[in-house]
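These numbers were taken from a predicted model, which means no experiment stands behind them.
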Amino acid sequence: MNKDSRIYVSGHGGMLGSAMLRRLADGGYTNIITRTHQELDLTRQADVEAFFAQEKPDYVFHIAAKTGGVMLNKQYPADYLSQGTLIALNVLNAAYAYDAKGVVYVSSANVYPEDAPQPMGEELFMSGRLQFFLGGYALAKTVGVKFCECAHRQAGKQFVSAILPAVYGLNDHGTTVMPMLLDKFADAVVNGKPDVTVWGTGKVRREFIHSEDAADALLFLMEHGEGGQHYNVGTGEEHTIRELAEILQEASGFQGQLVFDTTKPESAGRQFLNSEKLYQLGWRPKMRFQDGVSAAYQEHMGWIKGAEG
């Protein structure tokens, strides 16, 4: 990419999208195209095609998605499948039709089978059944990865997919395990509560990546990834939910008790990525997990105080 290339970042207002904007700005890229959801509904094919016809971006970082935690996926599986697939295909198809020079599509570790051996390599994609409760979301993400592969096979398009583990960082106000725990610890500290309740046993292991590292990897893949390929973008580290809660307890200064409610659902099962394919290209993450979680908590507290003020 040239510094003045026209670059569209979908989902720029979210955690990873905003990190992508910061990474591009740090890299000296000056011609960034964005639209809010109010300005452009990515589930509407005609609107997306009109946007691409007008703006004609040279490069696309397709980060926007319908996301949510396990409970929301259990309650609204059709929404996650239909809206997620529309968001994925409308943007990718328009990028294909209007000759974008390069696309990096953001997918999820949920595209791998629920019984996949750990750590999971790229060869396991579409090799087994998806996790039942996340199947709608995961299938939508699978379709996006397959479109990138097919676009390259059919027309040599430089469409690359990045498969990410759980992403966390600044501006994280979602419904997955990290922002939920950020909320709980902040609430306990502000209101002097005696305990923080964590859903499940706390034994589930999870791979997390900071949004700044993830954005750096997406830019790296735009420059170095091979068209039609999908790359695991992980840290090579796992942490239990209990470990995460204990790090947040230390970061927040919370003096009460941790309570694990085993009547509530665990987060999704173990999803540990084998990211050697990307590492061999020359990329590695930089953020220590403890430092990233502490920074996310401090930012979250600042956001809460700002909202209250």
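Of the possible donor and acceptor atoms, one in the side chain of Gln255 sits under 3.5 Å from a partner among the backbone N and O of Gly253. Judged purely by atom type and a 3.5 angstrom limit, Lys56 has no side-chain atom pairing as donor or acceptor with the backbone of Asp99. In this structure, Gln118 contributes its side chain and Ala116 its backbone to a donor-acceptor pair below 3.5 Å. Between the side chain of Glu212 and the main chain of Gly169, no donor-acceptor pair closer than 3.5 Å is present. Judged by distance alone, the side chain of Thr240 and the main-chain N or O of Glu243 form a donor-acceptor pair under 3.5 Å. In this structure a side-chain-to-backbone donor-acceptor pair under 3.5 Å is present from Ser252 to Gln249. Side chain of Ser5 to main chain of Met1: no donor-acceptor pair is present (N/O by atom type, distance under 3.5 Å, no hydrogens or angles). Not a single donor-acceptor pair under 3.5 Å links the side chain of Asn2 to the backbone N or O of Asp4. Between the side chain of Glu223 and the backbone N or O of Phe220 there is no donor-acceptor pair closer than 3.5 Å. Side chain of Asn90 to backbone of Leu42: a donor-acceptor contact under 3.5 angstrom is found.
Within the 6.0 Å centre-distance limit, the rings of Tyr168 and Phe289 are counted as a close aromatic pair.
Rounding to the nearest 0.5 Å places CZ of Phe61 at 15.5 Å from OH of Tyr105. Between atom CZ of residue Phe272 and atom CD of residue Glu237 there is a gap of 8.0 Å, rounded to the nearest 0.5 Å. Rounding to the nearest 0.5 Å gives a distance of 8.5 Å between CD of Gln158 and CE of Met222. The structure places NZ of Lys141 at 12.0 Å from OH of Tyr80, a figure rounded to the nearest 0.5 Å. Between the OG1 atom in Thr176 and the CE atom in Met71 there is a gap of 14.5 Å [rounded to 0.5 Å]. Atom CE of Met20 is separated from atom OH of Tyr29 by 8.5 Å, given to the nearest 0.5 angstrom.
Within the 4.5 Å cutoff, the side chain of Asn93 has no heavy atoms near those of the Phe52 side chain. Side chains of Glu250 and Ile247 form no contact here, defined as non-hydrogen atoms less than 4.5 Å apart. Contact of the Asn274 side chain with the Met120 side chain is not registered, since no non-hydrogen atoms from C-beta on lie closer than 4.5 Å. No side-chain heavy atom of Val259 sits under 4.5 Å from any side-chain heavy atom of Val196. Within the 4.5 Å cutoff, side-chain heavy atoms of Met178 are placed close to those of Val293. Looking only at side-chain heavy atoms (C-beta outward), Ile32 and Leu21 come within less than 4.5 Å of each other. Between Phe208 and Thr235 there is no side-chain heavy-atom pair separated by less than 4.5 Å. You'll find the side chain of Val190 reaches within 4.5 Å of the side chain of Met301, heavy atoms only.
Screening Arg22, Arg23, Arg284 against Asp216 for a salt bridge (charged side-chain N to carboxylate O under 4.0 Å, His left out) leaves a single residue, Arg23. Considering Phe147, Phe159, Phe125 in turn, Phe125 is the only one that fulfils the ring pair (Phe, Tyr, Trp, His ring centres under 6.0 Å) rule with His230. For the side-chain hydrogen bond (donor to acceptor under 3.5 Å, both in side chains) test with Lys277, the passing option among Glu122, Glu123, Glu226, Gln229 is Gln229; the others fail. A side chain to side chain contact (heavy atoms under 4.5 Å, CB included) with Val111 is found for one member of Leu124, Ile163, Val143 and no other, namely Ile163.
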request  = Report the C-alpha separation of Val160 and Val103 in whole Å, then their side-chain angles, then the decisive distance to 0.1 Å, and conclude whether the side-chain contact (heavy atoms from CB on, under 4.5 Å) test is met.
outcome  = CA-CA 6 Å; Val160 177; Val103 172; over 6 Å; no
query = Where do Ile241 and Lys203 land on the side-chain contact (heavy atoms from CB on, under 4.5 Å) test, with the steps shown first?
reply = CA-CA 6 Å; Ile241 302 304; Lys203 296 178 181 179; over 6 Å; no
inquiry  = Let's go through Arg242 and Thr201 carefully: what are the C-alpha distance in whole Å and the side-chain angles of both, what is the deciding distance for side-chain contact (heavy atoms from CB on, under 4.5 Å) to 0.1 Å, and is it a yes or a no?
reply    = CA-CA 8 Å; Arg242 177 182 286 275; Thr201 64; over 6 Å; no
query = Stepwise, does the side-chain contact (heavy atoms from CB on, under 4.5 Å) test hold for Gln131 with Gln271?
reply = CA-CA 11 Å; Gln131 294 188 47; Gln271 296 173 329; 2.6 Å; yes
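For the residue pair Asp291 / His210, no side-chain donor-acceptor distance below 3.5 Å is found, with atom types taken as modelled. A side-chain donor-acceptor contact under 3.5 Å links Tyr112 and Asn232.
The environment of CD in Gln257 is sparse: at most 12 heavy-atom neighbours from other residues, nucleotides or ligands sit within 6.0 Å. Within 6.0 Å of OH in Tyr76 there are 12 or fewer heavy atoms belonging to other residues, nucleotides or ligands.
Side-chain heavy atoms closer than 4.5 Å link hydrophobic residues (I, L, V, M, F, W, Y) into clusters, and following such links, possibly through other members, connects Leu164 to Leu219. The hydrophobic clustering, which links ILVMFWY residues whose side-chain heavy atoms are closer than 4.5 Å, places Leu81 and Phe132 apart. Linking Ile, Leu, Val, Met, Phe, Trp and Tyr whenever their side-chain heavy atoms come within less than 4.5 Å puts Val106 and Tyr59 in one cluster. No continuous path of hydrophobic side-chain contacts links Leu92 to Ile7 [ILVMFWY only; heavy atoms under 4.5 Å]. Note on Ile209: it clusters hydrophobically with Val104, by side-chain heavy-atom contacts below 4.5 Å among ILVMFWY residues.
Salt bridge Lys286/Asp213: absent, no basic N to carboxylate O contact under 4.0 Å. Using a cut-off of 4.0 Å between Lys/Arg side-chain N and Asp/Glu carboxylate O, Arg270 and Glu207 are scored as not salt-bridged. Salt bridge status for Asp187 with Lys184: absent, with no side-chain N to carboxylate O gap under 4.0 Å.
Across every non-hydrogen atom of Asp261 and Thr197, the tightest pair is CB-CG2, 3.7 Å. Nearest approach of Ser161 to Gly144, heavy atoms of both residues: OG-O, 4.3 Å. Scanning all heavy atoms of the two residues, the minimum distance from His62 to Ile87 falls at NE2-O, 2.9 Å. Heavy atoms only, all atoms of each residue included: Ile33 and Arg6 are closest at CD1-NH2, 3.6 Å. Of all non-hydrogen atoms in Val48 and Ala94, the two that sit nearest each other are CG1-CB, 4.0 Å. Here the closest heavy-atom approach between residue Ile63 and residue Val9 is recorded as CD1-CG1, 4.1 Å.
Judged by the 6.0 Å and 45° rule, Lys157 forms a cation-pi pair with Tyr96.
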